[in-house]
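Inspection log for the structure reproduced underneath, given as structure tokens.
Everything numeric in this text was worked out from a predicted model, so none of it was measured. Residue numbering restarts at 1 for every chain, and letters A, B, ... go by the order of the sequence lines.
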2 protein chains.
Amino acid sequence: MSLRHALLALLEAGAMTGYELAKWFDQSVAYVWNAQHSQIYTELRKLEREGLVEARTLPRGEKALATKRAYTLTRAGAKELQRWVGEVEQPPPLRDTAYVKATYLEYGSFSEARAQFRAHRAHYEALRDQFEAHVDELERGATALLRRRLERAPEEGHQAIIAYKVHAYRGLVARARTEIAWAERGLELVDRLADAAPAGDAAIRPPSGEAFEI
Amino acid sequence: MSLRHALLALLEAGAMTGYELAKWFDQSVAYVWNAQHSQIYTELRKLEREGLVEARTLPRGEKALATKRAYTLTRAGAKELQRWVGEVEQPPPLRDTAYVKATYLEYGSFSEARAQFRAHRAHYEALRDQFEAHVDELERGATALLRRRLERAPEEGHQAIIAYKVHAYRGLVARARTEIAWAERGLELVDRLADAAPAGDAAIRPPSGEAFEI
DNA sequence: GTGTGCATGTAACTTGTTACATGATTGT
DNA sequence: ACAATCATGTAACAAGTTACATGCACAC
């Protein structure tokens with residue numbers, strides 16, 4: 001349920017159409033919370049029904065044959081945003097495909113195990129680079145959304161606004177590094193197991209699927 | 001879609017009823033993939049319809065007024081398990097409530113920000129301890145499920161079976177430590193921001209929710 | 001005129017959550 | 001008798017994914 005609050009937070013930076021919102025979303029919170037634009041439109045309508053945002057229908061283009069809807073935070077929406085920031089949520093249970101597979105790698109061959117760890121490393125290397133680039137941008141105040149936020153906030157608050165975001169993305173960099181290191185130790189492990197194994201590429205014989213009694 | 005494969009992997013250790021499966025599940029894969037028992041029963045029926053598992057109805061107790069259903073892997077199920085282990089999946093997009101909130105902490109007070117980081121730290125400290133305990137158990141070969149697996153596997157494979165699991169849980173320990181360190185740096189950051197702030201507990205004025213033009 | 005971007009959605013489906021519902025068996 | 005544990009589900013809902021669908025505006 002972070003989507004609605006991410007949208008409220010984005011709207012605090014100023015009125016936007018769903019389309020603009022989706023664009024900003026992709027360039028900021030999408031790093032930590034993914035959503036399709038179709039879901040964003042749906043959620044905006046829901047927020048509107050609940051009175052957390054308000055929409056004004058505006059003309060599009062000169063001839064105005066079409067319209068767009070610009071959303072703003074209502075007072076109730078701003079209150080909800082604040083409530084959410086103060087609320088300590090209990091983190092959802094861990095759910096990670098890569099780790100469940102990692103615990104069952106013995107059902108595959110050594111080369112398959114290596115492929116898994118290499119893919120894991122490559123994935124988090126790419127993320128690390130993205131996060132690092134984003135930290136740089138934030139520190140230079142170079143992201144358009146951040147500038148928009150800063151314009152509306154009093155000078156004294158600027159440091160905190162930037163610092164919190166930088167801290168979050170640095171945390172993601174640290175996390176990515178941890179995953180890369182884990183994948184590398186995984187590759188070393190596979191090498192050791194392959195050396196110790198009698199012969200062939202398999203750690204154990206493949207699962208049989210034969211029936212047996214309990 | 002890891003639930004089905006986790007169930008297949010558990011069944012590779014021997015035939016089980018849904019109830020037993022749910023119990024083993026809670027003691028092993030639940031660390032990395034949560035599921036309610038109701039979902040497990042549903043998924044088992046689905047796997048049965050798809051021919052990946054087979055069920056035999058067995059009597060319960062002496063009078064046998066009730067029955068239970070014991071599931072076994074079919075050949076197709078074993079094949080699917082192997083296919084899955086070899087398959088390199090693309091990791092689902094990141095989704096972390098704590099981090100989206102962390103990027104918007106300026107909407108709350110410093111004490112709220114501290115509470116968030118303290119909760120984060122406490123959560124991952126507890127997880128770290130659980131994961132460490134689990135690594136210990138695995139290394140001592142002390143978990144019942146692992147023993148069941150080892151009984152059915154050839155001697156040469158034992159090392160790999162244990163090593164992969166230990167590696168996965170050590171990775172989770174490392175991850176938990178990274179989160180703890182991040183929370184601690186977060187607390188330091190809040191202290192610095194609070195020192196630098198003019199007065200009061202708030203980083204910026206609360207969001208107004210007043211309408212404005214675009 | 002044509003492609004790119006702006007703009008907004010619906011529908012069907014999958015996955016997962018929460019709550020409810022029931023009853024037998026076993027040990028004390 | 002009673003509690004704990006074994007045992008199996010259904011129903012309603014919420015959240016998220018994927019595919020589809022439409023059409024204007026603007027610049028080249």
Round to a whole Å and report the spacing from [atom1] of [X] to [atom2] of [N].
X       : N      : atom1 : atom2 : answer
B:Lys23 : D:dT5  : NZ    : C1'   : 9 Å
A:Leu3  : D:dA15 : CG    : P     : 10 Å
B:Arg4  : C:dT14 : CZ    : P     : 11 Å
A:Leu58 : C:dA7  : CG    : P     : 10 Å
B:Glu50 : C:dT14 : CD    : P     : 10 Å
B:Met16 : D:dC6  : CE    : P     : 14 Å
A:Leu21 : C:dC6  : CG    : P     : 14 Å
B:Arg60 : D:dT5  : CZ    : P     : 15 Å

Establish, with yes or no, whether the OP1 or OP2 oxygen of C:dC6 is under 4.0 angstrom from a side-chain nitrogen or oxygen of A:Tyr19.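 Answer yes for this pair, as a side-chain N or O of A:Tyr19 is under 4.0 Å from OP1 or OP2.
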
B:His5 vs A:Tyr107, test: ring-ring contact (aromatic ring centres under 6.0 Å, His included). Steps then yes/no. CA-CA 12 Å; B:His5 296 108; A:Tyr107 292 128; over 10 Å; no

Looking at B:Phe131, I'd like to know if the NZ or CZ of B:Arg175 sits under 6.0 Å from its six-membered ring centre while staying within 45 degrees of the ring's axis.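 Here B:Arg175 fails the 6.0 Å and 45° test against B:Phe131.
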
Which residue lies more 5' along DNA chain D, comparing B:Arg69 with B:Pro93 via nearest heavy atoms: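 On the 5' side of the pair lies B:Arg69.
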
Would you please test B:Glu137 and B:Lys165 for salt bridge (charged side-chain N to carboxylate O under 4.0 Å, His left out) and show each step? CA-CA 11 Å; B:Glu137 281 188 304; B:Lys165 285 167 196 29; over 6 Å; no

Let me confirm one number: the OH-CZ distance from B:Tyr71 to B:Arg45, rounded to the nearest 0.5 Å.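 That separation rounds to 4.5 Å.
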
Would you give the length of the straight line joining atom CG of A:Leu8 to atom CD of A:Gln82, rounded to the nearest 0.5 angstrom?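 Rounded to the nearest 0.5 Å, the CG-CD separation comes out at 12.0 Å.
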
Candidates D:dA7, D:dT17, D:dG9 - which lies nearest the side chain of B:Arg95: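 Shortest atom-to-atom distance from the side chain points to D:dT17.
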
Parallel, tilted or perpendicular, judged at 30° and 60°: which one describes the rings of B:Tyr99 and B:Trp182?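 It falls in the parallel class, under 30°.
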
Between A:His123 and B:Gln90, do the side chains contain a donor N or O and an acceptor N or O under 3.5 Å apart?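 Per modelled atom types, B:Gln90 and A:His123 side chains form no pair under 3.5 Å.
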
Just to be sure I understand the geometry, which residues of residues 35-47 of chain B put a non-hydrogen atom under 4.0 Å away from DNA chain D?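 By residue number: B:His37, B:Ser38, B:Tyr41, B:Arg45.
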
